[in-house]
Amino acid sequence: MKNITVRYFAMFREHAGLGEETLSLNVSTALDVFEQTRSRHGSSEPIGHCKVAVNDEMVDWSSAVNDGDTVLLFPPVAGG
Amino acid sequence: MKNITVRYFAMFREHAGLGEETLSLNVSTALDVFEQTRSRHGSSEPIGHCKVAVNDEMVDWSSAVNDGDTVLLFPPVAGG
Amino acid sequence: MFAISDEEIPVGDLRKGLTDSGAGGLCVFEGWVRNENDGRAVNRLEYEVYEPLAIQEGTKVLEEAKQKFPFLRASCVHRSGLLEIGDCAVWVGVVAPHREEAFKACRYIIDQIKNRLPIWKKEHYADGDSDWVNCERCANVNAQSGAGN
Amino acid sequence: MFAISDEEIPVGDLRKGLTDSGAGGLCVFEGWVRNENDGRAVNRLEYEVYEPLAIQEGTKVLEEAKQKFPFLRASCVHRSGLLEIGDCAVWVGVVAPHREEAFKACRYIIDQIKNRLPIWKKEHYADGDSDWVNCERCANVNAQSGAGN
């Protein structure tokens, strides 16, 4: 189990009902974090255009997460 | 012979040494006016990107000119 | 220079800041809040921005543009917070010796800004409803033709 | 709206004049007087404009652009007379619901303005010489890639 701080943005924050939580999770990749928090909050947002960052760095979904990491979950962006 | 008022612009005006003159010319097209005035003023500007207007309307070089017309001779443009 | 601002974008100052005696042309794109989207009347917009990464990624976009379409200067500012119809949500300005690079770099920057930065848009509709703009449609359209708004 | 002006172009007012609540984007191009051309140091520029036909042809260019790339509003103002380095020689602004049309219409307008209007540019060089810019080179480059300045 790893202690992971998860931050939710925009619609993810509204679905989760909170902006941030620290969870003890059995995960090895950023994708695992996405899937476990999605089922935890009963969200069904497809991963499609979602993005992820670990410790303020944009990464691939297959990137490893380590104990103490902060994972940022970004729903599809819409700048401009 | 036709009375034609010829107006010169930019480098054509400087070559001719005047902005406008009314000439009695034996011409049938705008091109004839261009060629006769060019040899009159000893200019050798190629017709390349030059343009012509008759009575404030852009026309082709093959357009007819009539007695009393005003022919505007435009050297290559460079707006912007 | 890339920045996020929670206040009105000072378009006149940004333009002046790009002054360069070697510049032959300036190309600017401004995104404005419009009164409808997909047929629904919009009253106002809210932008949520995750600033640390938005600035990092926005700065990277400007550097990429300069590599691809060499220019002299460029600036981009994106709004955060609540915006009204007609407000400027994003400003991009590029000066270059010739217009070709100015146009292409400006277009590249706005396209990438819209697709890559952690910025989310919530539309508040005239009927009282509100919704995050998923922009799945935008993303698809962008992939094909570069359109969006 | 197309106009010729012998005074400084009021860029702020022109931008405000394009306000439209259905507008999602504004694309602007400004041509600035730069300090060199073809390797020669330029001190200032002089534009000679034959106004009746420049306005007629400029207005036609805006209409063509609207046909090709439907937009909401557009304005273009071209300077005449003597200009210094850094002065704005031409301003084009287009607002449209989406950025695709705004960019394309703006580019079309400036390309046509530079190629078709009875406007001539005389460069005054640092060495005291001066010359009309024939723009044979521009015309060729334009035909290939749309460049110029």
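These numbers come from the heavy atoms of this one structure, side chains and all, not from hydrogens, waters or symmetry mates. Just so it is clear: chains get the letters A, B, ... in the order the sequence lines come, proteins before strands, and each one is counted from 1.
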side-chain contact (heavy atoms from CB on, under 4.5 Å) with C/R44: which of C/L83, C/I85, C/L82?
C/L82
Check each atom of C/E46 against the heavy atoms of chain A and say whether the ones under 4.5 Å are side chain, backbone, both or neither.
neither
Pick whichever of C/V90, C/L53, C/V92, C/I113 has the most heavy-atom pairs under 4.5 Å with chain A.
C/L53
Honestly, the part of C/E57 sitting under 4.5 Å from a heavy atom of chain A is side chain
A/E35, CD atom: more than 12 neighbouring heavy atoms under 6.0 Å:
yes
Does NZ or CZ of C/R40 lie under 6.0 Å from the centre of the six-membered ring of C/Y125, at an angle within 45° of the ring axis?
yes
Shortest non-hydrogen pair, C/R116 vs C/Y108, comes out as NH1-OH, 4.1 Å
Can you say whether C/P118 sits under 4.5 Å from chain A via the side chain, the backbone, both, or neither, judging by heavy atoms?
both
